[in-house]
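Lettering of chains follows the sequences in order, A, B, ..., and the numbering in each one begins at 1.
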Protein chains: 2
Amino acid sequence: MKINSVKKPADERVLHSALILFSNKGFFNTSVHDISRESGVSIGSIYHHFKDKQGIAQAMYVSLVENLHGQIDQIEARHHSAHDRCRAVIEMLFEMTERQPELMSFMLYAKHREFLPDEKPMCSSLPFERMRNFTMQGMKNGEIRIMDPLVCAACLYGGAVRLIHLKLDGIVDKPLGKCLHDVWACAWRGVAT
Amino acid sequence: MKINSVKKPADERVLHSALILFSNKGFFNTSVHDISRESGVSIGSIYHHFKDKQGIAQAMYVSLVENLHGQIDQIEARHHSAHDRCRAVIEMLFEMTERQPELMSFMLYAKHREFLPDEKPMCSSLPFERMRNFTMQGMKNGEIRIMDPLVCAACLYGGAVRLIHLKLDGIVDKPLGKCLHDVWACAWRGVAT
DNA sequence: GTCTATATCCAGATAGAC
DNA sequence: GTCTATCTGGATATAGAC
């Protein structure tokens, strides 16, 4: 296995270009020819690596869910109270939005059901369930008021998610990091005991 | 003008069917033939009433924005404090989700830029701006803590919007009306002085 | 205003050489 | 594994009778 090989493998280049294109123009407005041009990988090679156009989106989706899963693992290991864990989740989502807006855009906006009929909607995937579990832990602890778990998660994370949408739509200009303190303060005041 | 005419005009039937189809399968997965079949209006007539497929979506978008505009007018007339107005906005959005889920789905999910490149994203349209203005009014009044206006609006409405997403995705079962009290309590506690 | 039949185009996918 | 050339289906949109 070569270390420092300069050129990335073809399938990675395809996935990278596809992410940019899907996020800018949308899945259906992006042709496989576009991906070929953008990535420098020929049509034939693309279809050698991926079953079809959906297969490209599918691979992106799976890798994204695994990525999130790993991040939640880290948060679980580093923080222990519901307060700290939920705050860390929001911080992580904000950082991801700043560093990889296309990825966040794919996650939030892409109507996965439209082109991935077999996948569950993103918000019922395992990582999102684990985020909601943090809030349930808080209710058991006595950190958070008792209420419907889904309502609680929506209240706690909803403000942050909304702000991410506004940022991706270009309505919010300033870095999300600058908003973290206020967003978190509001969210926590809302649900804390 | 006939009162009680039994059959709706063709263009209304087209818009109605298109809304259902766009919301269930997505804009790009819906062909004009699908709309023709579903509405009982022939292809030729559809193209007589609308410039093209985008024109159908455009008409839907415009009518939706006007509809929202009218609802905000009513809220503004009936309520006067920021507290009451913002609560009424959430109540209105919840009711709309229950009664016309397809319309709400079109509003929240449809990435309008993908097929309506000339329209602004929904959340920067006038009705959404007016919703945000309610929160600014609250800051001037002293009802709401001073903070960045966009952050404030995100915190106040974010939980409710998140819950609507979860409802439309089938993750939340119970009627949103049952959640209104808790969602609003959390949201208001978060931002109130 | 409404309809059927049809033209046109282009994207997804494949074949097969290298 | 990578490439070019090609096939094919289906979608948008139009023509023109009624």
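A 6.0 Å sphere centred on NE2 of H16(B) holds no more than 12 heavy atoms belonging to other residues, nucleotides or ligands.
Contacts of H33(B) with the nucleic acid, taken as non-hydrogen atoms under 4.0 Å apart, include base atoms. When heavy atoms are screened at a 4.0 angstrom cut-off, S31(A) is found touching the sugar-phosphate backbone but no base atom. Counting non-hydrogen atoms under 4.0 angstrom, T30(B) reaches the backbone sugars and phosphates but no base.
Between the side chain of N29(B) and the backbone N or O of K25(B), at least one donor-acceptor pair lies under 3.5 Å. Looking at Y157(A), its side chain does come within 3.5 Å of a backbone N or O of M131(A) through a donor-acceptor pair.
D34(A) places its CG atom 8 Å from the P atom of dA11(C), with the value rounded to the nearest Å. When the P atom of dA13(C) is taken as reference, atom NZ of K51(A) falls 8 Å away, rounded to whole Å. Atom CG in N29(B) sits roughly 14 Å away from atom C1' in dG12(C) (whole-Å rounding). The interatomic distance linking Q54(A) (CD) with dA11(C) (P) rounds to 18 Å, in whole Å. As rounded to whole Å, 8 Å separates atom P of dT14(C) from atom CG of D52(A).
Residues satisfying the side-chain contact (heavy atoms from CB on, under 4.5 Å) test with R113(A), not counting sequence neighbours, are K111(A), D169(B).
Taking 4.0 Å as the cutoff to heavy atoms of chain B, we find the contact window on DNA chain D bounded by dA11(D) to dT14(D).
Ranked by how close their nearest DNA chain D nucleotide is to the 5' end, H48(A) and F28(B) are led by H48(A). The 5' end of DNA chain D is approached more closely, in terms of each residue's nearest nucleotide, by R13(A) than by the other of R13(A) and I43(B).
Minimum heavy-atom separation, S81(A) to E143(A): CB-OE1, 3.5 Å.
Taking the ring centre of F27(A) as origin, the terminal cationic atom of K53(A) falls inside the region bounded by 6.0 Å and 45° from the ring axis.
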